[in-house]
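Throughout, residue positions are numbered sequentially from 1 according to the sequence presented. As the structure is a prediction and not an experimental result, all values here were calculated from the model.
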Amino acid sequence: MANFKIDHFVFGANTLSEGSNTIKKILDEDLSEINVHETMGTHNRVISLGSSYLEVIALDPKNQNANNNTWFNLSDKIYREKFLKTPKLISFVISSDDLSSSIFFEKEFFVSRNKYKWFFKKPNFEYLNKNNFTNTNLFPSLINWQSVSPLNEMKKSSYIFESLEIILNKNHKLLQDFLLSLNLKEKIIFNFNDSLNDELLSLKLTLKSLMNDKYILIS
């Protein structure tokens, strides 16, 4: 039986500096150095959240060979114009020791960055759209680490994951059903609001400060 856990959360931006500055203002902590995903045409910075981490990611303007079908729809200009007018929490990634075939995901592909190696599965956007699930980044991606996870070597921050709230409407109920089937240990709150159109559905990440027990919201 596969083991599933939330691996990391994805904070998207049109530029890495814009996204990084937003998170630094919220958390008042430094993120990692810049990491480059050469084959996917993106770069990121990260910060640990205890058992998971937060990734700030954007297209890498220095990479002229950017993948035209990169993760989290970042290579889609229409998506960026619609959803990334300001930096925001756009998705999350679930780790698993088994990437069995599923109608919800495309075929896995291999990625490496320096000593880190992993298989990655993007949501099956075509299938989701056919089922009226248009805000496809709300559906998580899957990752299977073939090396040690970078979380193990990240500098510890003073924040830990508390909960993830997912704002849904009736078109997105299959996401709730899917996540419940994984028996995740992390606290996930499903908030249904059928008055919201798909573009207004969102993710809200709550963190707890180990310094003063205060809660911080990232959305």
Side-chain angles (χ1 to χ4, degrees), residues 6-27 29-49 52-63 66-95 105-106 109 111 113 118 120-125 128-129 133-143 150-151 154 157 159 161 164-168 172 175 188 196-207 216-219:
I6 295 180
D7 188 81
H8 64 277
F9 303 92
V10 181
F11 192 81
N14 278 310
T15 68
L16 188 57
S17 60
E18 184 182 19
S20 300
N21 289 337
T22 300
I23 293 300
K24 188 171 181 178
K25 287 179 181 177
I26 295 173
L27 301 183
E29 287 199 14
D30 291 327
L31 285 78
S32 71
E33 297 298 316
I34 295 175
N35 307 302
V36 176
H37 310 122
E38 186 173 350
T39 58
M40 296 301 285
T42 55
H43 54 177
N44 73 0
R45 300 178 76 185
V46 297
I47 186 168
S48 70
L49 302 174
S52 58
Y53 64 94
L54 178 67
E55 171 187 36
V56 181
I57 191 168
L59 287 182
D60 182 357
K62 295 180 181 179
N63 189 340
N67 189 322
N68 290 325
N69 187 26
T70 192
W71 33 44
F72 314 119
N73 279 336
L74 292 176
S75 58
D76 186 333
K77 183 179 179 181
I78 295 175
Y79 173 81
R80 295 198 308 274
E81 291 175 347
K82 182 182 293 187
F83 291 100
L84 290 181
K85 294 176 182 177
T86 58
K88 65 190 295 186
L89 191 69
I90 58 172
S91 196
F92 59 110
V93 179
I94 292 175
S95 67
F105 297 96
E106 297 177 359
F109 57 93
V111 188
R113 176 180 63 78
W118 65 96
F120 196 86
K121 273 193 172 186
K122 295 186 295 185
N124 186 338
F125 296 149
L128 294 174
N129 279 317
F133 196 121
T134 59
N135 192 348
T136 49
N137 266 338
L138 287 182
F139 208 95
S141 300
L142 292 182
I143 193 167
L151 176 64
M154 284 181 202
S157 76
Y159 295 92
F161 168 81
L164 176 66
E165 181 180 0
I166 308 177
I167 314 299
L168 305 170
H172 292 60
L175 172 58
I188 299 180
L196 295 179
N197 63 42
D198 292 353
E199 293 180 14
L200 295 178
L201 304 180
S202 61
L203 301 171
K204 295 183 178 181
L205 174 63
T206 299
L207 308 179
I216 300 290
L217 179 65
I218 296 176
S219 61

(request) Evaluate the side-chain contact (heavy atoms from CB on, under 4.5 Å) criterion for residues Ile188 and Ile6: first the C-alpha distance (whole Å), next the side-chain angles of each, then the deciding distance (0.1 Å), finally the verdict. (result) CA-CA 10 Å; Ile188 299 180; Ile6 295 180; 4.3 Å; yes
(message) Parallel, tilted or perpendicular: which one describes the rings of Phe133 and Phe139, with boundaries at 30° and 60°?
(response) perpendicular
Do you know the tightest heavy-atom contact between [X] and [Y]?
X	Y	answer
Leu16	His43	CB-NE2, 3.5 Å
Leu168	Leu201	C-CD2, 3.6 Å
Asn69	Met40	O-CE, 4.2 Å
Ile78	Asp76	N-OD1, 2.9 Å
Lys24	Leu31	N-CD1, 4.3 Å
Leu89	Ile218	CD2-O, 3.8 Å

Side chains of [X] and [Y]: closer than 4.5 Å at any heavy-atom pair?
X	Y	result
Val56	Thr22	no
Phe9	Leu49	yes
Val36	Asn63	no
Val10	Asn137	no
Ile57	His37	yes
Arg80	Leu59	yes
Val46	His8	no
Pro123	Leu128	yes

So, [X] side chain and [Y] main chain: donor-acceptor pair closer than 3.5 Å or not?
X	Y	value
Asp198	Asn135	no
Arg45	Ile34	no
Ser48	Tyr53	no
Lys88	Ser202	no

In Å, rounded to the nearest 0.5 Å, how long is the span from [atom1] of [X] to [atom2] of [Y]?
X	Y	atom1	atom2	value
Arg113	Asn35	CZ	CG	4.0 Å
Leu205	Ser52	CG	OG	7.5 Å
Ser219	Phe11	OG	CZ	8.0 Å
Ile23	Leu54	CD1	CG	5.0 Å
Phe109	Thr39	CZ	OG1	8.0 Å
Ser32	Ile47	OG	CD1	9.0 Å

(request) For Thr42 and Asn44, run side-chain contact (heavy atoms from CB on, under 4.5 Å): C-alpha distance rounded to whole Å, both residues' side-chain angles, the deciding distance at 0.1 Å, then the answer. (result) CA-CA 7 Å; Thr42 55; Asn44 73 0; over 6 Å; no
(message) Can you list everything that forms a ring pair (Phe, Tyr, Trp, His ring centres under 6.0 Å) with Phe83? Sequence neighbours excluded, please.
(response) Tyr79
(message) Please identify which of these residues, Thr15, Leu74, Asn73, meets the side-chain contact (heavy atoms from CB on, under 4.5 Å) condition with Leu84.
(response) Leu74
(request) For the residue pair Ser141 and Trp71, confirm or rule out a side-chain donor-acceptor distance under 3.5 Å. (result) no
